[in-house]
Amino acid sequence: MFNVKCLNPIATCGLDLLDDKYQLVDEYADAQGVLVRSASMHELELGENLQAIARAGAGVNNIPLDECAKKGIVVFNTPGANANGVKELVVAGLLLAARDINGGINWVKENAADENIAKTVEKAKKAFAGHEIKGKKLGVIGLGAIGVEVANTAAALGMKVYGYDPYISVLGAWHLSYHVVPVKDLKELASECDYITIHVPSMESTKGMLNKEVFDNMKDGSVILNFSRDALVNDADMEAALESGKIAKYVTDFPNTKTANMKNVIAIPHLGASTAESEDNCAVMAVEEMMDYLENGNITNSVNYPACDMGVAKAAARICVFNKNVPNIIAQLTNALSSVGINIASMANKSKGDYAYTLIDSDDKVTDEVIEKIKAIPEVFKVRVIQ
Ligand SMILES: NC(=O)c1ccc[n+]([C@@H]2O[C@H](COP(=O)([O-])OP(=O)(O)OC[C@H]3O[C@@H](n4cnc5c(N)ncnc54)[C@H](O)[C@@H]3O)[C@@H](O)[C@H]2O)c1
């Protein structure tokens with residue numbers, strides 16, 4: 001029986017996956033698995049029982065990752081679980097920029113008391129006319145979980161889509177519609193497109209990625225959509241581009257004190273992933289990742305340990321070893337096992353940064369003596385046996 005503690009409310013559809021091998025507990029100290037959303041774990045002690053922390057969401061700055069890694073506690077997150085939610089709001093953003101929906105709605109509110117509104121609407125509406133997105137060119141920067149969804153959907157809506165991502169993953173490339181035209185640099189993307197939407201992480205290298213140089217290369221009256229992070233856009237350059245008309249509209253899910261006050265900014269209060277479905281997807285993904293690890297030792301979507309999957313644990317014993325990523329560990333592991341006559345049926349070893357993880361299926365049950373032998377290897381943080 002595995003004990004699971006929820007540090008935040010987790011969507012029921014995720015908790016419903018926990019079968020009779022699991023029980024929810026009140027005491028954090030008793031838990032082998034922790035499910036968490038935004039609760040800070042920095043002040044909590046990482047108990048001896050704790051094996052896995054699954055964060056229902058993407059950001060993990062509420063969890064002490066390195067400390068967990070050194071104790072062999074695997075931290076999972078749920079990348080891409082909210083991609084559809086963000087994509088749908090990007091589509092809304094495209095339409096809000098193309099048609100003056102906001103202006104029109106505001107006009108109706110302002111004229112709600114007008115007895116003849118049904119007639120005056122027909123005269124007033126020409127002030128809010130727009131254009132269609134079909135046939136327009138959309139540049140997508142970053143073709144990860146969200147960017148691919150946006151690109152494919154825009155193509156399905158009849159837009160001509162261009163994609164820029166020098167680091168695209170194999171998975172990203174597989175999922176991308178063949179209608180999306182790859183471009184080699186931002187200059188080409190900017191000069192070609194009517195709309196640009198950015199879907200890259202906020203890092204030192206991507207800070208201010210959308211700036212004067214990019215705007216200058218765009219057609220007059222272009223549109224920028226930012227559903228990633230405000231730091232990706234240079235605010236001063238954006239203000240100048242909006243003033244000059246180079247950029248007609250800036251749609252952002254991350255308003256700040258500068259952009260919230262700029263003309264022709266359509267600002268949304270970080271609603272990209274604020275859907276019941278995104279929450280459900282995150283909960284299901286987090287619970288599934290935690291269960292596969294607790295039951296089989298498999299790791300998918302961990303932020304502090306490498307991905308490693310040997311399927312369902314069916315051998316007499318499955319040994320999970322957490323160690324520092326240094327040479328000669330495998331030799332020491334196999335020596336420790338062969339010295340007591342244990343045969344390795346199957347094995348996988350993966351590393352990520354400073355940490356490495358090994359899964360070994362053995363034909364024999366594993367005794368405490370074997371576990372102690374492996375633990376005695378100085379670079380080994382933890383040994384777990386599923387049998
Ligand atoms: N609005 C919201 O509510 C919301 C919700 C979730 C995520 N986000 C934001 O969206 C971003 C993207 O999310 P995701 O799930 O698609 O991430 P992801 O990791 O799946 O994809 C990011 C992509 O950006 C690419 N990339 C990195 N640097 C690049 C560069 N310099 N130029 C071009 N491409 C580059 C990567 O190769 C990758 O394919 C997140 O980092 C986050 O900031 C916003």
Side-chain angles (χ1 to χ4, degrees), residues 37-38 55-61 76-94 96 138-154 161-177 180-190 193 196-211 213-214 217 224-234 250-256 259 265-283 285-286 300-303 307 352:
R37 284 167 60 191
S38 56
R55 154 88 166 103
V60 282
N61 54 7
F76 298 92
N77 71 346
T78 58
N82 48 27
N84 188 67
V86 179
K87 178 216 48 195
E88 289 189 7
L89 204 65
V90 174
V91 173
L94 281 167
L96 285 169
L138 172 70
V140 182
I141 304 174
L143 295 163
I146 297 171
V148 165
E149 292 248 3
V150 169
N152 293 353
T153 302
V161 184
Y162 296 74
Y164 170 70
D165 187 338
Y167 319 105
I168 189 168
S169 68
V170 174
L171 204 64
W174 267 348
H175 286 119
L176 194 62
S177 159
V180 178
V181 180
V183 296
K184 287 194 183 62
D185 56 47
L186 274 183
K187 194 173 176 188
E188 188 186 344
L189 192 88
C193 295
I196 283 186
T197 183
I198 186 160
H199 301 286
V200 304
S202 177
M203 308 178 284
E204 216 32 56
S205 60
T206 55
K207 207 174 153 196
M209 198 173 166
L210 291 182
N211 52 30
E213 200 183 329
V214 177
N217 278 310
I224 300 284
L225 300 109
N226 177 8
F227 285 75
S228 286
R229 287 292 177 263
D230 66 338
L232 299 170
V233 175
N234 181 308
Y250 173 41
V251 187
T252 179
D253 203 18
F254 294 91
N256 58 32
T259 55
V265 169
I266 299 173
I268 301 164
H270 193 182
L271 294 181
S274 297
T275 66
E277 291 82 354
S278 287
E279 257 179 43
D280 286 355
N281 291 343
C282 287
M285 207 164 156
T300 310
N301 293 329
S302 168
V303 286
K352 180 170 181 157

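Sequential numbering from 1 along the given sequence is applied to the chain's residues. Values below: every heavy atom of this structure, side chains too, minus hydrogens, waters and symmetry copies. In each ligand, atom 1 is the first atom listed, and ligand 1 is the first ligand listed. Predicted model only: the values in this text are computed from it and were never measured.
- With values rounded to the nearest 0.5 angstrom, Thr78 atom OG1 is found 7.0 Å from Arg55 atom CZ.
- With a 4.0 Å cut-off on non-hydrogen atoms, His199 touches ligand 1 through its backbone and not its side chain.
- Here the CZ-CG distance, from Arg229 to Asn256, works out to 13.0 Å after rounding to the nearest 0.5 Å.
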Test side-chain contact (heavy atoms from CB on, under 4.5 Å) applied to Asp253 and Val86, step by step:
CA-CA 10 Å; Asp253 203 18; Val86 179; 5.9 Å; no
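- Residue Asp165 holds the heavy atom nearest to atom 37 (O) of ligand 1 of all those in Asp165, Ile146, Asn226, Leu189.
- Only side-chain heavy atoms of Asp253 come within less than 4.0 Å of ligand 1; its backbone N, CA, C and O stay farther off.
- Shown here, atom 43 (O) of ligand 1 is in close reach of the protein: a heavy atom of it lies under 4.0 Å off.
- The atoms of ligand 1 that sit less than 4.0 Å from any heavy atom of Arg229 are 43 (O), 44 (C).
- One distance of note links CG of Leu189 with NZ of Lys187; it measures 13.5 Å at 0.5 Å rounding.
- Atoms of ligand 1 lying under 4.0 Å from any heavy atom of Tyr167, numbered from 1 in the order shown and given with element: 27 (C), 28 (N), 29 (C), 30 (C), 31 (N), 35 (C), 37 (O).
- Val140 pairs with exactly one of Asp165, Val161, Ile196 by the side-chain contact (heavy atoms from CB on, under 4.5 Å) rule, that one being Val161.
- At a heavy-atom cutoff of 4.0 Å, ligand 1 is contacted by the side chain of Val86 but not by its backbone.
- Residue Pro166 places a heavy atom less than 4.0 Å from ligand 1.
- Contacts with ligand 1 closer than 4.0 Å are made by side-chain heavy atoms of Asn82 only, the backbone lying farther away.
- Atoms OH and CG, on Tyr164 and Leu143 in that order, are 11.0 Å from each other to the nearest 0.5 Å.
- Applying the 4.0 Å criterion to heavy atoms of Phe254 picks out, from ligand 1, the atoms 1 (N).
- Here the protein heavy atom with the shortest distance to atom 35 (C) of ligand 1 is Val200 CG1, 3.4 Å.
- Listed by number with element, the atoms of ligand 1 under 4.0 angstrom from any heavy atom of Met209 are 30 (C), 31 (N), 32 (N).
- Aromatic rings of His270 and Phe254 (six-membered ring for Trp) have centroids within the 6.0 Å cut-off, being under it.
- Distance check on atom 1 (N) of ligand 1: some protein heavy atom falls below the 4.0 Å cut-off.
- Nearest protein heavy-atom neighbour of atom 21 (O) of ligand 1: Gly144 CA, 3.2 Å.
- Once rounded to the nearest 0.5 Å, the distance linking CD of Glu188 with SG of Cys193 reads 9.0 Å.
- To the nearest 0.5 Å, atoms OG1 (Thr252) and CD1 (Ile224) are separated by 11.0 Å.
- If you check which protein heavy atom lies closest to atom 20 (O) of ligand 1, you get Ala145 N, 2.9 Å.
- No hydrogens or angles considered: a donor-acceptor pair under 3.5 Å links the side chains of Glu88 and Asn84.
- Side-chain atoms of Asn281 and Ser278 include no donor-acceptor pair closer than 3.5 Å.
- Residue, atom and distance of the protein heavy atom nearest to atom 10 (O) of ligand 1 are Ser228 OG, 3.5 Å.
- The contact set between ligand 1 and His270, taken as ligand atoms under 4.0 Å from a residue heavy atom, comprises 1 (N), 2 (C), 3 (O).
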Given the rule in the side-chain contact (heavy atoms from CB on, under 4.5 Å) test, do Glu279 and Arg37 qualify, once you have shown the distances and angles that lead to the verdict?
CA-CA 10 Å; Glu279 257 179 43; Arg37 284 167 60 191; 3.5 Å; yes
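- If you number the atoms of ligand 1 from 1 as listed, the ones under 4.0 Å from a heavy atom of Gly272 come out as 1 (N), 2 (C), 3 (O).
- Taking all heavy atoms of Pro201, Ala173, Pro79 into account, the minimum distance to atom 41 (O) of ligand 1 is reached by Pro201.
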